[in-house]
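Encoded as structure tokens, the structure appears first; notes follow it.
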Amino acid sequence: MSKLLEVKDLNVSFNTYNGEVQAVRGVNFDLNKGETLAIVGESGSGKSVTSLSLMQLLPKPHGYVKSGQILFEGEDIVTKSSSAMQKIRGKDISMVFQDPMSALNPTMKIGNQIMEGLIKHQGMNRSNAKKKALELLELVGIPKAESKMSQYPHQFSGGMRQRVVVAIALACNPKILIADEPTTALDVTIQAQILELMKDIQKQTESAIIFITHDLGVVANVADRVAVMYAGKIVEIGTTDDIFYNAKHPYTWGLLGSMPTLENDGEDLFAIPGSPPNMLNPPKGDAFAPRNKFAMEIDTVMEPPMFKVSDTHYAATWLLHEDAPKIEPPEAVKRRMQGFSSTGGDA
Ligand code: ADP
Ligand code: MG
């Protein structure tokens, strides 16, 4: 498979009145053509900052890439001029943001909003753009698309508006489509629907997808690979099977354990205790240690490297060191991992 995107040792910080917030700390990942990568983690773990960096959309001037590379088809996005980047945003990489209302112009007809990009970025004439806009609305599953072209955003329901935003993002036929929690933080049902919609479209367009969510459950049967972020780092990455059947990082165990299952109505749900660290002053050693009941002495002194579990699977926890005690995941987590393997989904 060929690599579309390679993120190498990415560090992103914000200068604030209180000092430097280290939002992203040494993130590495690749994205292949046509692949769906999920980035998962609690609020504040650095998911959005990572995706904004890919688009060169960090809030300037206080948000900045401190070091690292983001190679898109071999060229570094970090060092691109803003005009070069504008071309990439209109053509190669596009993004669906959380709030569909902020992405739409309330005073402009839906059809015109979709046509705008087609005319501006792809040089289409009006009648071709109109045809294409209609196709896109149909592609994202808007019923009676023809009559919807002349309606305004407020005439659409929240879910339909988000579909329009996806249609706009797709207008340029992007090589990478990024969706960052594409609906309000808690609405995971709609997130799952949007992801399914994107997957359907992917079959026709072959674009790669980066789907960002705080909810591991949303991506279970749809992502090819999952990266789990904590405190600005990827702490575990693997195929969806690696993460759901064979998770190795106690933080991933925590995310799995906090997922309701069909069998038991969530009676054995457990929440990860405590809260993420303050990124103004990230802790020494393993940032997850204070919340990790399996933490060892070394966790408070030294950061764990990425240990290789298999060719596709890596996790940053000292528990994978050859001298570490062999720890089994908590029972509730094991049940979930077995549950995934026995029912298997349709993956
Ligand atoms: P997530 O998307 O995973 O919820 P973010 O990427 O938004 O998390 O945030 C990562 C870290 O960066 C957090 O500690 C957050 O407080 C900090 N951060 C995000 N945006 C800003 C900003 N504009 N100014 C200062 N700090 C920020
Ligand atoms: Mg976010």
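Position 1 is the first residue of the sequence; numbering continues from there.
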Next item on the list: May I ask you to decide whether Lys248 forms a salt bridge with Glu236, counting only side-chain N to carboxylate O separations under 4.0 Å?
Entry: no
Notebook entry, point to check: Quick one: do Glu196 and Lys199 make a salt bridge, cutoff under 4.0 Å?
Noted result: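 Salt bridge: no.
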Spacing of [atom1] belonging to [X] relative to [atom2] belonging to [Y], to within rounding of 0.5 Å:
X      : Y      : atom1 : atom2 : result
Ser45  : Ile212 : OG    : CD1   : 9.5 Å
Asn105 : Asn112 : CG    : CG    : 10.0 Å
Ile176 : Leu4   : CD1   : CG    : 4.0 Å
Thr240 : Arg225 : OG1   : CZ    : 9.0 Å
Met149 : Lys130 : CE    : NZ    : 6.0 Å
Gln56  : Leu52  : CD    : CG    : 11.5 Å

Side-chain heavy-atom pair [X], [Y] within 4.5 angstrom cut-off:
X      : Y      : value
Asp200 : Leu139 : no
Phe29  : Leu5   : yes
Val164 : Val140 : no
Ser43  : His214 : no
Ile201 : Val166 : yes
Asp30  : Glu35  : no
Asp241 : Thr312 : no
Ile234 : Met306 : yes

Check: Does anything in residues 144-167 pair up under ring-ring contact (aromatic ring centres under 6.0 Å, His included), and if so which pairs, sequence neighbours excluded?
Finding: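 Applying ring-ring contact (aromatic ring centres under 6.0 Å, His included) to every pair that reaches into residues 144-167, excluding sequence neighbours, yields nothing.
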Notebook entry, point to check: What pairs meet the ring-ring contact (aromatic ring centres under 6.0 Å, His included) rule with one or both residues in residues 157-181, with sequence neighbours excluded?
Noted result: none
Which donor-acceptor pairs under 3.5 Å do the side chains of residues 282-296 make with protein atoms, sequence neighbours left out?
{"from": "Asp286", "atom 1": "OD1", "to": "Phe288", "atom 2": "N", "distance (Å)": "2.8"}
{"from": "Arg291", "atom 1": "NE", "to": "Pro273", "atom 2": "O", "distance (Å)": "2.7"}
{"from": "Arg291", "atom 1": "NH1", "to": "Glu42", "atom 2": "OE1", "distance (Å)": "3.0"}
{"from": "Arg291", "atom 1": "NH1", "to": "Tyr230", "atom 2": "OH", "distance (Å)": "3.2"}
{"from": "Arg291", "atom 1": "NH2", "to": "Glu42", "atom 2": "OE2", "distance (Å)": "3.0"}
{"from": "Arg291", "atom 1": "NH2", "to": "Pro273", "atom 2": "O", "distance (Å)": "3.4"}
{"from": "Arg291", "atom 1": "NH2", "to": "Gly274", "atom 2": "O", "distance (Å)": "3.1"}
{"from": "Asn292", "atom 1": "OD1", "to": "Phe294", "atom 2": "N", "distance (Å)": "2.8"}

If you compare all heavy atoms of [X] against all heavy atoms of [Y], which two are closest, and at what distance to 0.1 Å?
X      : Y      : answer
Ala220 : Phe244 : CA-CZ, 3.5 Å
Glu138 : Ala145 : CG-CB, 3.8 Å
Met95  : Ser51  : CE-OG, 3.4 Å
Gly46  : Val24  : O-CG2, 3.7 Å
Trp253 : Pro329 : CE2-CB, 3.6 Å
Arg336 : Leu256 : CD-O, 2.8 Å

Does [X], at its [atom1] atom, have more than 12 non-hydrogen atoms belonging to other residues, nucleotides or ligands within less than 6.0 Å?
X      : atom1 : result
Glu20  : CD    : yes
Lys334 : NZ    : yes
Glu146 : CD    : no

Name each donor-acceptor pair under 3.5 Å that joins a side chain in residues 316-324 to protein atoms two or more places apart or in another chain, with its distance.
{"from": "Thr317", "atom 1": "OG1", "to": "Leu319", "atom 2": "N", "distance (Å)": "3.1"}
{"from": "Trp318", "atom 1": "NE1", "to": "Met302", "atom 2": "O", "distance (Å)": "2.8"}
{"from": "His321", "atom 1": "ND1", "to": "Asp323", "atom 2": "N", "distance (Å)": "3.0"}

Item checked: Reference residue Leu255; test side chain to side chain contact (heavy atoms under 4.5 Å, CB included); the match among Ile243, Val226, Val228 ->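 Output: one option passes, namely Val228.
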Notebook entry, point to check: For Ile168 and Leu136, what are the C-alpha separation, side-chain angles and deciding distance, and is it a side chain to side chain contact (heavy atoms under 4.5 Å, CB included)?
Noted result: CA-CA 8 Å; Ile168 292 173; Leu136 285 165; over 6 Å; no
Note to self: For a side chain to side chain contact (heavy atoms under 4.5 Å, CB included) check, start with the C-alpha distance between Ile210 and Thr50, then their side-chain angles and the critical distance, and finish with the verdict.
What the structure shows: CA-CA 11 Å; Ile210 298 179; Thr50 301; over 6 Å; no
Note to self: When you measure from the side chain of Gln202 to the backbone of Gly34, do you find a donor-acceptor pair of N or O atoms at a distance under 3.5 Å?
What the structure shows: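 Flag set: sc Gln202 to bb Gly34 pair under 3.5 Å.
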Next item on the list: Check the hydrophobic clustering (I, L, V, M, F, W, Y; side-chain heavy atoms under 4.5 Å; chains of links allowed) and say if Leu118 and Met108 are grouped together.
Entry: no
Note to self: Would a single hydrophobic cluster contain both Met279 and Tyr64, if residues Ile, Leu, Val, Met, Phe, Trp and Tyr are joined by side-chain heavy-atom contacts under 4.5 Å?
What the structure shows: no
If you look only at distance, which donor and acceptor atoms sit under 3.5 Å apart when one is on a side chain in residues 67-94 and the other is two or more places apart or in another chain?
{"from": "Ser67", "atom 1": "OG", "to": "Asn11", "atom 2": "ND2", "distance (Å)": "3.2"}
{"from": "Glu73", "atom 1": "OE1", "to": "Lys175", "atom 2": "NZ", "distance (Å)": "3.4"}
{"from": "Glu73", "atom 1": "OE2", "to": "Lys175", "atom 2": "NZ", "distance (Å)": "3.1"}
{"from": "Glu75", "atom 1": "OE1", "to": "Lys80", "atom 2": "NZ", "distance (Å)": "2.4"}
{"from": "Asp76", "atom 1": "OD1", "to": "Ile70", "atom 2": "N", "distance (Å)": "3.0"}
{"from": "Asp76", "atom 1": "OD1", "to": "Val78", "atom 2": "N", "distance (Å)": "3.0"}
{"from": "Thr79", "atom 1": "OG1", "to": "Asp76", "atom 2": "O", "distance (Å)": "3.3"}
{"from": "Ser81", "atom 1": "OG", "to": "Ser83", "atom 2": "OG", "distance (Å)": "3.4"}
{"from": "Ser81", "atom 1": "OG", "to": "Ala84", "atom 2": "N", "distance (Å)": "3.1"}
{"from": "Arg89", "atom 1": "NH1", "to": "Met55", "atom 2": "O", "distance (Å)": "2.7"}
{"from": "Ser94", "atom 1": "OG", "to": "Ala169", "atom 2": "O", "distance (Å)": "2.6"}

Margin query: I'd like to know whether Arg163 forms a side chain to side chain contact (heavy atoms under 4.5 Å, CB included) with Val96, so could you lay out the CA-CA distance, the side-chain angles of the two residues, the decisive distance to 0.1 Å, and finally the verdict.
Written below: CA-CA 10 Å; Arg163 283 170 191 266; Val96 177; over 6 Å; no
Checklist line | Trace of the side chain to side chain contact (heavy atoms under 4.5 Å, CB included) decision for Met160 with Lys148 | finding: CA-CA 11 Å; Met160 285 296 146; Lys148 300 285 164 44; over 6 Å; no
Check: Does Ser48 have any side chain to side chain contact (heavy atoms under 4.5 Å, CB included) partners at least two apart in sequence or in another chain, and if so, which?
Finding: Asp180
